[in-house]
Peer 1: 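One structure is given below, represented as structure tokens, and several questions about it will come after.
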Amino acid sequence: MSDKSTKGNYEIARERAKEYFLGFDQEKIISDWNLEYDDEYIYVEFFRIPYRIHRKTGNVQSSKDGFVTVREGGFNDVLSIFDFLCHEGEYKVATRTFAAVNSLKGHKTASGVGVDMNSRHAKVFDENRESFISACEKLGGRKVPMGDVGYVFDVFKDLSVVLKFYFSDDEFPAQITFLWDTSTLSFIFYETVFYTAGFLISLILENM
């Protein structure tokens, strides 16, 4: 598949996600998640980054300066945010215990989704170790004793994810492992876990 067609598919999926969101009761979403809002926007935080969702168009924007300047949401963050907000089910409570994605309660492997998608990013992190660590801390990651380097990141509300990283050695390449709150699949779909992880990796790379 060409880059052009892939970009087109991402754009289509993002537009469908907006339409999906607009079909929901926004007052219920606001109440369920205790969100700030006004007549024009609903406000959320994703990985501690402020976002706003236009209530009539579904457009998603992020900002770090009180929305003086804004950035349009991309595929990974838009689809993740809408799944968090609109995911059906009543019992959404973080356990603060963590497991690999395929060990999560309710896991059903999705066709075409793999669990080892990060080898090329691991190589970049491995070759730029100090920048990688600095970026994790800049993004609010809290160091945990896992792997050679481990950080826990706030994702959405009280839900967190652990990034566990092993540097390369003479026998093994560098490796990224994500550990998810064991209740994650009550918040989002299995596929969305990978969108969320992809967004975190892009944030780290951007801040390196």
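Treat the numbers as computed from the prediction; the structure is a model and nothing was measured. Index from 1, following the sequence.
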Peer 1: Salt bridge between R71 and E206, side-chain N to carboxylate O under 4.0 Å?
Peer 2: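 So R71 pairs with E206 through a salt bridge.
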
Peer 1: Rounded to the nearest 0.5 Å, how far does CG of D181 lie from OG1 of T95?
Peer 2: 3.5 Å

Peer 1: Do you know which two heavy atoms are closest between D65 and S63, and how far apart they sit?
Peer 2: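 Taking every non-hydrogen atom into account, OD1-OG, 2.6 Å.
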
Peer 1: When you check the side-chain N and O atoms of Y190 and N102, is any donor under 3.5 Å from an acceptor?
Peer 2: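 Distance-only check passes for Y190 and N102.
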
Peer 1: Would you mind checking if E15 and K18 are paired as a salt bridge, meaning a charged N to carboxylate O distance below 4.0 Å?
Peer 2: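 Judged by the 4.0 Å cut-off on N to carboxylate O distance, K18 and E15 do form a salt bridge.
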
Peer 1: Could you see if F98 belongs to whatever hydrophobic cluster contains Y166? Use Ile, Leu, Val, Met, Phe, Trp, Tyr and a side-chain cutoff under 4.5 Å.
Peer 2: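 Unlinked, F98 and Y166 end up in two clusters.
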
Peer 1: Taking all non-hydrogen atoms of both residues into account, name the closest pair between H87 and L185 and its distance.
Peer 2: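 Shortest heavy-atom contact: NE2-O, 3.9 Å.
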
Peer 1: How many angstroms lie between atom CZ of R52 and atom CG of N59, to the nearest 0.5 angstrom?
Peer 2: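 Spacing of CZ (R52) from CG (N59) equals 10.0 Å.
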
Peer 1: Report yes if the side chains of Y43 and D38 come closer than 4.5 Å at any heavy-atom pair, otherwise no.
Peer 2: yes

Peer 1: Could you list the residues that satisfy salt bridge (charged side-chain N to carboxylate O under 4.0 Å, His left out) with D126, not counting sequence neighbours?
Peer 2: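 Checked D126 against salt bridge (charged side-chain N to carboxylate O under 4.0 Å, His left out); matches are R129.
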
Peer 1: With a 4.0 Å cut-off on N to O distance, would you call E11 and R14 a salt bridge?
Peer 2: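 Looking at E11 and R14, the cut-off is met.
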
Peer 1: Which residue, L104, T97, L159, forms the side chain to side chain contact (heavy atoms under 4.5 Å, CB included) with S183?
Peer 2: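 The passing option is L159.
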
Peer 1: For I201 and F125: C-alpha separation, side-chain torsions, deciding distance, then whether side chain to side chain contact (heavy atoms under 4.5 Å, CB included) applies.
Peer 2: CA-CA 10 Å; I201 285 177; F125 295 164; 4.3 Å; yes

Peer 1: Do any N or O atoms from the side chain of D77 and from the backbone of G74 form a donor-acceptor pair under 3.5 angstrom?
Peer 2: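 Checked: pair present.
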
Peer 1: Please determine whether the number of non-hydrogen atoms from other residues, nucleotides or ligands lying under 6.0 Å from atom CD of E130 exceeds 12.
Peer 2: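 It does not: E130 CD has 12 such atoms or fewer within range.
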
Peer 1: Please verify the inter-ring angle class for W180 with F178; under 30° counts as parallel, over 60° as perpendicular, anything in between as tilted.
Peer 2: tilted

Peer 1: Between Y41 and Q61, does a side chain to side chain contact (heavy atoms under 4.5 Å, CB included) hold up when you go through it step by step?
Peer 2: CA-CA 10 Å; Y41 294 101; Q61 298 174 323; 4.3 Å; yes

Peer 1: Please confirm whether the backbone N or O of T196 pairs with a side-chain atom of N76, one donor and one acceptor, at under 3.5 Å?
Peer 2: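 No, N76 side chain to T196 backbone: no donor-acceptor pair under 3.5 Å.
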
Peer 1: Report yes or no: does D154 contribute a side-chain atom to a donor-acceptor pair with the main-chain N or O of R48 at less than 3.5 Å?
Peer 2: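 Checking the backbone N and O of R48 against the side chain of D154, no donor-acceptor pair under 3.5 Å is found.
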
Peer 1: For a 4.5 angstrom cut-off between non-hydrogen side-chain atoms, does I204 reach C136?
Peer 2: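 Yes, their side chains come closer than 4.5 Å.
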
Peer 1: Taking salt bridge (charged side-chain N to carboxylate O under 4.0 Å, His left out) as the definition, give me every residue that meets it alongside E36, ordered by chain and number, with sequence neighbours left out.
Peer 2: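 Not a single residue meets the salt bridge (charged side-chain N to carboxylate O under 4.0 Å, His left out) criterion with E36.
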
Peer 1: To check you understand the geometry: which heavy-atom pair defines the closest contact between S80 and Y195, and what is its length?
Peer 2: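 Result for this residue pair: OG-CB, 3.5 Å.
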
Peer 1: Report the distance from atom CD1 of I53 to atom CD1 of I81, rounding to the nearest 0.5 Å.
Peer 2: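 Interatomic distance, I53 CD1 to I81 CD1, rounded to 0.5 Å: 6.0 Å.
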
Peer 1: Taking atom CD of E127 and atom CZ of F132, what is their separation to the nearest 0.5 Å?
Peer 2: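 Going from CD on E127 over to CZ on F132, the span is 13.5 Å.
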
Peer 1: What orientation do F167 and F165 show, parallel under 30°, tilted 30 to 60°, or perpendicular over 60°?
Peer 2: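 Taking F165 first and then F167, their aromatic rings stand perpendicular (interplane angle over 60°).
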
Peer 1: For a quick test of reading the model, state the closest non-hydrogen atom pair linking I42 to Q26 and the distance between them.
Peer 2: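 Looks like CD1-OE1, 3.8 Å.
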
Peer 1: Linking I/L/V/M/F/W/Y whenever their side-chain heavy atoms sit closer than 4.5 Å, directly or via other members, would V78 and F47 fall into one cluster?
Peer 2: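 Yes: a chain of side-chain contacts under 4.5 Å links V78 to F47.
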
Peer 1: If you look at every heavy atom in A100 and L179, which pair is closest and at what distance?
Peer 2: N-CD2, 3.7 Å

Peer 1: Are the ring centres of W33 and F156 closer than 6.0 Å?
Peer 2: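 Ring-ring flag for W33/F156: true, centres closer than 6.0 Å.
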
Peer 1: Taking side-chain hydrogen bond (donor to acceptor under 3.5 Å, both in side chains) as the criterion, tell me which of E137, R142, K164 meets it with Y151.
Peer 2: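 Of the listed options, the one satisfying the test is E137.
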
Peer 1: Between D148 and Q175, is the side chain to side chain contact (heavy atoms under 4.5 Å, CB included) condition met? List the steps.
Peer 2: CA-CA 10 Å; D148 291 326; Q175 183 181 28; over 6 Å; no

Peer 1: Any chain of hydrophobic side-chain contacts (each under 4.5 Å) joining L139 to V149?
Peer 2: yes

Peer 1: Which distance, rounded to the nearest 0.5 Å, do you find between the CZ of F21 and the CG of L85?
Peer 2: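 So the gap between those two atoms works out to 6.5 Å.
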
Peer 1: Taking side chain as C-beta onward, heavy atoms only, is Y37 less than 4.5 Å from R55?
Peer 2: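 Yes, their side chains come closer than 4.5 Å.
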
Peer 1: From I176 CD1 over to R120 CZ, what is the distance, rounded to the nearest 0.5 angstrom?
Peer 2: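 The distance works out to 10.0 Å.
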
Peer 1: Would you call L79 and D83 a side-chain contact if the rule is heavy atoms closer than 4.5 Å?
Peer 2: no

Peer 1: Please work out whether the ring planes of F24 and Y20 are parallel, tilted or perpendicular, with thresholds of 30° and 60°.
Peer 2: perpendicular

Peer 1: Tell me the closest heavy-atom pair linking Y51 and S62, and the distance in Å.
Peer 2: CE2-CB, 3.5 Å

Peer 1: Is there a path of hydrophobic side-chain contacts, each under 4.5 Å between heavy atoms of I/L/V/M/F/W/Y residues, joining I29 to F189?
Peer 2: no

Peer 1: For I49 and L203, run side chain to side chain contact (heavy atoms under 4.5 Å, CB included): C-alpha distance rounded to whole Å, both residues' side-chain angles, the deciding distance at 0.1 Å, then the answer.
Peer 2: CA-CA 10 Å; I49 299 171; L203 278 181; 3.7 Å; yes

Peer 1: When hydrophobic residues are tied together by side-chain contacts of less than 4.5 Å, even through go-betweens, does V144 share a cluster with L200?
Peer 2: no

Peer 1: Hey, do the aromatic rings of F46 and F199 have their centres closer than 6.0 Å?
Peer 2: yes

